Amino acid sequence: MDQHQSVVCYRHTDRETGIRCTRCERPICPDCMITASVGFQCPECVRSGSGTGHPAHANQPRTLAGASVTADPRLVTKVLLALNVALFVAVQTAGDRLTADLVMIGQWPHHPFYEPTEGVAEGQWYRLLTSVFLHQEIWHIAMNMLGLWFLGPPLESALGRLRFVALYLLAGLGGSTLTYLVADPAAPSLGASGAIFGLFGATAVLMRRLQYDMRPILILLGINLVFTFTWEDIAWEAHIGGLLVGALIAYAMVHAPRERRTLVQYGTCGAVFVVLVLLCLFRTLALTG
C-alpha cells in the first residue's frame with residue numbers, strides 16, 4: 001500500500017504545509033509566506049528581488065496581511081501574556097479593592113434601591129478594557145493564557161504586530177460591549193475570554209483563507225462553546241461578542257484587496273470601534289435616562 005508522504009516547510013521541518021513559493025516552489029508554512037502579486041513567495045525569493053530588474057528592497061518581506069516580517073513573531077503575544085500575569089499577581093497582592101476598581105460592571109448599586117455610583121453607565125468606561133486583563137482565579141488565567149499562547153503566535157505572524165494588537169483589543173472590547181448591552185448591569189464580569197474567543201474566530205478565518213483543514217479549530221471552538229453555555233458563572237456575552245468581532249476584523253485583515261489593503265484593514269477596525277462606542281452610549285442612555 002502506498003503511504004502518504006507529508007510535505008514540510010523548507011525552513012521549519014516540523015510543520016506540514018500545502019503551500020509552495022510561486023517562484024522557486026519551495027514548500028512554505030504561514031510564518032514563511034509572503035504575499036506576492038500571485039500567490040505567496042518564500043523569504044529567499046523576496047530578498048533576492050522581484051525578478052523584474054527592481055532592487056531587493058523594492059519587494060520587502062511582508063506577512064499575509066501586508067505587515068513587515070519581524071524577527072520575533074511572538075513578541076506581542078509575550079507582552080500581552082505578561083500584562084495579564086502581572087495584573088493577576090497585583091490582584092492577589094492588593095486584594096478585592098483592586099478587582100472592584102477594574103472589573104467590568106454596568107451600573108452599581110441597582111437603581112432605584114440606591115443611587116448608582118460606579119460602573120460604565122456612571123462614566124467609568126475604562127472598565128470595558130481593564131476587565132479584559134483581569135483575573136482572580138488561577139484556573140481562569142491559566143486557561144486563557146494557554147489559549148493566548150497557542151492561538152496568538154500564528155495570528156501575530158500572519159497579521160503583523162500592530163494588526164494583531166488591534167484584533168486582540170477590539171475582540172476584548174467586543175466581548176465587554178455585548179456584556180454591557182444584555183447582561184445584568186450589576187453583575188461583575190472579568191477575564192480575557194472575549195479576546196481569546198476573538199482569536200478563535202480569527203484563526204478560523206485565517207485557516208479558511210489559507211485553505212487549511214478547518215476541522216481541528218472548529219472542533220476546539222465547538223468544545224469551548226459547549227462550556228460557554230453549560231458551565232455556571234460564565235459570561236457567554238463576552239465569549240460571543242469577542243468571537244464575532246475577532247472573525248470580522250480578521251476577515252478584513254486577510255481578504256483586503258492589495259491595492260487598498262491598509263485603508264480596508266484600518267478602516268474596518270475604526271468602524272468596529274465606532275459601532276462599539278455607539279452601542280455603549282445607547283446602553284448608557286437606557287440605564288441613566
Side-chain angles (χ1 to χ4, degrees), residues 6-12 15-23 25-43 45-46 59-70 73-74 76-77 147-171 174 195-222 224-225 242-272:
S6 60
V7 177
V8 297
C9 175
Y10 81 101
R11 296 176 69 205
H12 305 96
R15 305 179 188 177
E16 294 188 17
T17 182
I19 308 297
R20 292 181 179 272
C21 173
T22 55
R23 290 184 61 193
E25 296 191 351
R26 292 186 182 102
I28 47 179
C29 69
D31 285 348
C32 299
M33 291 178 190
I34 300 166
T35 303
S37 56
V38 178
F40 303 96
Q41 293 184 8
C42 66
C45 286
V46 171
N59 197 8
Q60 293 294 330
R62 294 283 172 180
T63 68
L64 175 64
S68 299
V69 175
T70 58
R74 296 174 175 82
V76 172
T77 300
L148 174 59
W149 184 249
F150 280 104
L151 297 172
L155 287 168
E156 183 179 345
S157 177
L159 302 181
R161 289 173 179 172
L162 186 57
R163 292 167 176 82
F164 178 65
V165 169
L167 167 70
Y168 187 89
L169 295 180
L170 284 171
I196 302 304
F197 265 78
L199 300 188
F200 270 117
T203 299
V205 171
L206 178 62
M207 294 183 70
R208 174 74 174 178
R209 172 67 173 79
L210 297 175
Q211 298 182 339
Y212 283 2
D213 183 0
M214 295 184 63
R215 285 175 293 182
I217 189 64
L218 292 180
I219 290 173
L220 188 58
L221 177 58
N224 279 272
L225 286 174
L243 177 65
L244 294 176
V245 171
L248 175 60
I249 295 294
Y251 189 89
M253 294 287 188
V254 301
H255 288 281
R258 188 173 186 180
E259 62 275 8
R260 298 191 305 276
R261 178 185 286 157
T262 302
L263 176 62
V264 171
Q265 291 172 342
Y266 291 111
T268 301
C269 290
V272 169

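This structure is a prediction, so every number in the text was calculated from the model and none was measured.
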Participant: Of all heavy-atom pairs between Ala65 and Gln265, which one has the smallest distance, and what is that distance?
Facilitator: O-NE2, 2.8 Å
Participant: How long is the straight-line distance from OH of Tyr266 back to CE of Met253, given to the nearest 0.5 Å?
Facilitator: 6.0 Å
Participant: For side chain to side chain contact (heavy atoms under 4.5 Å, CB included), just list the numbers for Tyr168 and Leu148, CA-CA rounded to whole Å, side-chain angles, deciding distance to a tenth of an Å, and then say yes or no.
Facilitator: CA-CA 10 Å; Tyr168 187 89; Leu148 174 59; 3.9 Å; yes
Participant: Write down the atom of Gly160, the atom of Ala67, and the distance for their closest heavy-atom approach.
Facilitator: CA-CB, 3.6 Å
Participant: Distance-only check: which donor-acceptor pairs under 3.5 Å involve side-chain atoms of residues 197-212, not counting sequence neighbours?
Facilitator:
residue : atom : partner : partner atom : Å
Thr203  : OG1  : Leu199  : O            : 2.7
Arg209  : NE   : Val254  : O            : 3.0

Participant: Tell me whether Thr17 contacts the main-chain N or O of Ile28 through its side chain, where contact means a donor paired with an acceptor under 3.5 Å.
Facilitator: yes
Participant: Can you find a pair of side-chain heavy atoms, one from Cys45 and one from Arg26, that are under 4.5 Å apart?
Facilitator: yes
Participant: Which pair of non-hydrogen atoms, one from Gly66 and one from Arg261, has the smallest distance, and what is that distance?
Facilitator: CA-NH1, 3.0 Å
Participant: Quick one, Leu170 with Leu248, criterion side chain to side chain contact (heavy atoms under 4.5 Å, CB included). Give me CA distance, side-chain angles, the key distance, then yes/no.
Facilitator: CA-CA 10 Å; Leu170 284 171; Leu248 175 60; over 6 Å; no
Participant: I'd like to know whether Thr268 forms a side chain to side chain contact (heavy atoms under 4.5 Å, CB included) with Tyr251, so could you lay out the CA-CA distance, the side-chain angles of the two residues, the decisive distance to 0.1 Å, and finally the verdict.
Facilitator: CA-CA 10 Å; Thr268 301; Tyr251 189 89; over 6 Å; no
Participant: If you compare all heavy atoms of Arg15 against all heavy atoms of Cys29, which two are closest, and at what distance to 0.1 Å?
Facilitator: NH1-SG, 3.6 Å
Participant: How long is the span from the OG atom in Ser157 to the CG atom in Leu64, to the nearest 0.5 Å?
Facilitator: 9.5 Å
Participant: So, taking the atom named CD in Glu156 and the one named OG1 in Thr77, what distance separates them when rounded to the nearest 0.5 Å?
Facilitator: 4.0 Å
Participant: To the nearest 0.5 Å, what is the distance between SG (Cys42) and CZ (Arg20)?
Facilitator: 12.0 Å
Participant: As an exercise, state the distance from CG of Leu244 to CD1 of Ile249, rounded to the nearest 0.5 Å.
Facilitator: 11.5 Å
Participant: Give, for atom CG of Leu221 and atom CG of Leu243, the distance between the pair rounded to the nearest 0.5 Å.
Facilitator: 5.5 Å
Participant: Kindly indicate whether the side chain of Arg161, heavy atoms from C-beta on, has any atom under 4.5 Å from the side chain of Thr63.
Facilitator: no
Participant: Search all heavy atoms of Thr262 against all heavy atoms of Arg163 and return the closest pair with its distance.
Facilitator: OG1-NH2, 4.3 Å
Participant: Please identify each residue that fulfils side chain to side chain donor-acceptor pair (under 3.5 Å) with Arg11, with sequence neighbours left out.
Facilitator: none
